[in-house]
Amino acid sequence: MSNAPATTPLSPQYDPTSTEANLYREWLDAGIFTADPGSSRRSGGKRESFVIVMPPPNVTAVLHMGHGLNNTVQDVLIRWRRMCGDEALWVPGTDHAGIATQNVVEKQIAAEGQTRFDMGREAFVARTTEFVTETGGTILEQLKAIGSSCDWSRTAYTLSPELSKAVREAFVQLHERGLIYRGHRVIHWCSRCLTSLSDEEAEHSEETGALYHVSYPLTNGSGSITIATTRPETMLADVAVAVHPDDDRYKHLIGKTLTLPIANVEIPIIADLEGVDPAFGTGAVKITPAHDANDFEMGTRHKLPMPVILSPEGTMANGVDAGSRVPAELLGADRFEARERVVQMLKHLGALVKIDPHTHAVRHCYRCDTVVEPRLSDQWFVKMKPLAEPALQAVRDRKIRILPERWEAVYINWLEGIRDWNISRQLWWGHRIPVWYCDACAHVTVSRDDIVNCPKCGGQARQDEDVLDTWFSSWLWPFSTLGWPDKGSVDLKAFYPTDDLVTAPEILFFWVARMVMGGFAFMDEAPFHTVYLHGTVRDMKHVKMSKSLGNGIDPLDVINLFGTDALRYTVIAGLGMGADVMLDPTDLEKSFAPGRNFVTKLWNIGRFLLANVGEETVQPLSAISVDRLRRSDRWILNCLNEAIRECDAALGPARPRDGVWTETELKSGLRLSEYTEAARRFVWNDLADWYLESTKSRLASTGDDRDVARSVLAHCFDAALRLLQPVVPFITDSLWRRLPVAIENRDAFIARAPWPVGNEAFGVEQEFELVRETINAVRQLRADYSLPPGERIRAHLDFGA
RNA sequence: GGGCGAGUAGCUCAGUUGGUUAGAGCGCCUGCCUUACACGCAGGAUGUCGGGGGUUCGAGUCCCUCCUCGCUCACCA
């Protein structure tokens with residue numbers, strides 16, 4: 001790449017498609033996105049490190065506007081810091097996305113008339129591996145199309161051998177510390193995915209259902225108790241009815257027994273202080289320990305049996321401890337069908353008292369939307385309270401800031417009430433749990449390495465069938481991608497902790513909070529100091545864009561139509577702090593007009609400048625003494641200083657000065673739309689509309705004043721391009737490399753050029769404002785009198801006596 | 001049900017510690033193909049700043065209340 005200005009004039013129209021791909025290839029060939037650990041101050045180098053780890057898209061993902069927004073934001077920050085002289089590293093990668101990917105492949109083989117069980121585990125995993133290998137690179141290739149300046153040599157994948165090693169290390173360490181345990185309890189069960197889910201994976205949604213009032217007769221025939229339930233089919237698994245010990249309606253019945261209708265089982269009436277609210281329903285609660293988390297607690301307290309009456313598939317079945325509670329005619333019925341039939345049966349028995357409409361929150365599987373069933377089962381859990389403490393403290397102490405600030409309260413609230421994390425999934429796609437069981441001596445081995453024989457008795461060891469929650473690998477991402485658990489890793493030393501984490505609020509708990517906990521648990525340090533939660537891309541009706549709803553915009557379509565820079569500029573300029581971005585999928589022309597117009601404007605300023613400033617090298621501004629400058633020169637240089645100030649204020653500071661965010665710092669920075677607007681205002685409203693117009697006659701003349709104008713013009717445009725490089729990297733590079741500015745040691749690429757710095761040496765210029773005001777007044781008069789711009793004023797104006 | 005946030009021009013949003021005629025982009029209206037740009041230039045219109053009450057010399061900006069949306073958490077069967 002030559003530094004010499006191109007000799008061919010710029011084409012009248014900027015053509016993004018023919019330039020972007022070539023430029024990106026040049027950048028990659030020159031290695032300008034590759035980070036050097038040796039340059040990081042932490043490794044004895046001279047630069048601050050600035051690191052962002054990309055939220056890894058699902059390995060099967062196809063680029064959508066959400067990715068477009070998320071990655072453009074990260075790229076703007078990385079490009080900004082790179083120009084500021086930091087050793088900038090942006091780590092890309094993909095997530096194997098356990099349950100999501102498994103669902104996709106299961107759908108594929110279902111279309112072939114098969115289930116994963118028909119195929120067998122090994123074949124299914126092989127098939128899935130093949131599938132992700134095929135699609136795996138797509139999303140990353142697409143990220144290149146939007147200009148992402150990632151260090152592709154460090155591309156990571158959560159299911160790679162390296163990261164799998166990290167996952168095992170994390171599991172074993174936590175187990176050694178007593179923070180991982182096997183628990184027998186009620187968990188959320190998805191009967192379609194056939195796996196347990198964590199609390200976060202079972203999403204609440206309000207639904208209008210019914211509250212069924214059912215009468216349970218006393219065994220001695222002296223009356224009955226009416227209970228209320230939203231899930232009547234679960235009554236077959238009832239083991240008791242609980243009342244409040246002080247409830248006068250039921251006090252005298254405590255200790256007596258009821259006969260459970262349909263199941264015909266005798267169950268006790270018990271007193272429970274915590275589990276019963278006498279004011280709700282009838283004040284009497286049926287206890288179903290195997291199918292309700294709350295009832296499980298009560299069942300445990302009172303040492304009650306826990307019969308299971310639902311199969312993994314969600315059909316009625318006499319499971320563990322159920323005896324013959326489920327009558328033959330209901331066996332095999334789907335739970336919702338069973339609900340209807342149980343209600344009918346109760347009606348026939350005269351046990352159904354009434355049905356009230358009732359709205360309540362029902363949990364759904366976050367991947368397939370199936371109603372989740374609470375179900376008793378054995379799972380692996382992580383004890384979260386001890387891990388949450390430092391994560392809470394870090395935000396309270398301002399070592400980590402979360403923007404917009406209101407999310408801090410959400411984060412703190414969640415961590416304060418955190419519950420243990422169910423990490424085992426009954427899936428096949430993922431990291432298999434590193435636990436082996438010995439059938440001979442019942443010894444349980446938790447191991448970093450695969451084992452074949454029981455270390456205790458030498459018998460055959462059998463690995464746990466389950467895999468880990470996909471988020472169990474994600475929460476290690478900021479350090480597993482840098483080489484952990486190898487603590488001698490060069491990258492880990494140079495680049496951990498990272499700086500900003502940029503993502504959407506949806507995964508604050510799934511991912512962000514857990515990464516903070518993971519950072520402290522395994523690295524004794526927060527993984528980043530800033531969490532930037534940006535908005536969601538929505539359509540004009542404020543509906544989140546999604547492929548299934550058909551209201552999405554394909555970023556690649558936009559790139560083909562208007563270019564990458566237009567896409568990037570539009571989303572960044574429209575991105576208020578924490579605000580959603582609204583785009584119209586039915587009118588791309590209109591939606592991306594801000595970006596397209598701006599890119600065109602830049603191009604035309606460049607055309608004018610190159611045609612009028614000429615190709616001979618211009619003097620650097622430092623070679624021009626202040627007395628040679630005109631008012632307009634000093635004015636535009638003032639404007640530039642102001643623009644740089646505004647951009648800096650909107651973007652920074654990049655990191656807390658002393659490791660802790662001060663009150664002022666906390667509220668500063670990451671105002672990407674403000675930064676973009678400040679740069680736009682300078683280059684368009686100040687430079688193009690006023691200064692450039694004012695230089696036209698000077699440029700047409702000859703002599704010293706012409707050189708001054710050429711120099712100031714080139715200087716200002718050069719600075720403007722550098723200010724804008726993070727947002728619109730392609731067009732700024734195209735133009736910048738053609739600028740006839742003499743700069744020593746000038747880098748071939750604007751992405752590596754220094755970030756502009758203000759220069760106060762020219763003094764403050766205020767008189768030019770008078771000129772502008774005068775011109776404005778004249779323009780207003782001309783408009784008022786409808787004088788066309790080209791028409792000269794012949795008649796003298798009579799202002800009256 | 002708990003917590004949080006928002007309601008400012010037709011649309012999306014800025015409005016810093018309360019202080020002169022409330023701003024930007026897009027849209028709209030008028031006039032211009034002025035030799036960089038009509039994806040442009042110049043000019044212009046539009047807001048009882050959600051309703052009501054209060055504090056103050058003065059409030060979009062502080063307090064109370066109500067209404068409407070949104071987010072988030074939640075074992076009331």
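Convention: sequence-line order gives letters A, B, ...; per-chain numbering from 1.
- Within the 4.0 angstrom heavy-atom criterion, no nucleotide atom of any strand lies near A/Glu408.
- Heavy atoms of A/Leu609 sit nowhere under 4.0 angstrom from any nucleic acid atom.
- Checking the phosphate oxygens (OP1, OP2) of B/C75, a side-chain nitrogen or oxygen of A/Arg419 falls inside 4.0 Å.
- Base engagement by A/His204 is indicated by at least one non-hydrogen atom pair under 4.0 Å involving a base atom.
- Here A/Lys696 lies in heavy-atom contact (under 4.0 Å) with a base.
- A/Arg406 comes within 4.0 angstrom of sugar-phosphate atoms only, judged by non-hydrogen atoms across all strands, and of no base.
- Donor-acceptor pairing under 3.5 Å, judged by distance alone, is absent between the side chain of A/Gln13 and the base of B/A36.
- No engagement by A/Ala611 is indicated, since no non-hydrogen atom pair under 4.0 Å with the nucleic acid exists.
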Worked check of side chain to side chain donor-acceptor pair (under 3.5 Å) between A/Thr288 and A/Lys286: CA-CA 6 Å; A/Thr288 323; A/Lys286 69 198 258 314; 2.9 Å; yes

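- For A/Lys590 and A/Gly606, each mapped to the nucleotide of RNA chain B holding its nearest heavy atom, the one lying further toward the 5' end belongs to A/Lys590.
- Both tests pass for A/Arg185 against the ring of A/Phe381: distance under 6.0 Å to the centre and angle within 45° of the axis.
- Within 3.5 Å, a donor on the side chain of A/Asn294 pairs with an acceptor on the base of B/C75, or the reverse.
- Among the heavy atoms of the strands lying under 4.0 Å from A/Val410 are primed sugar atoms or P, OP1, OP2 only; no base atom is included.
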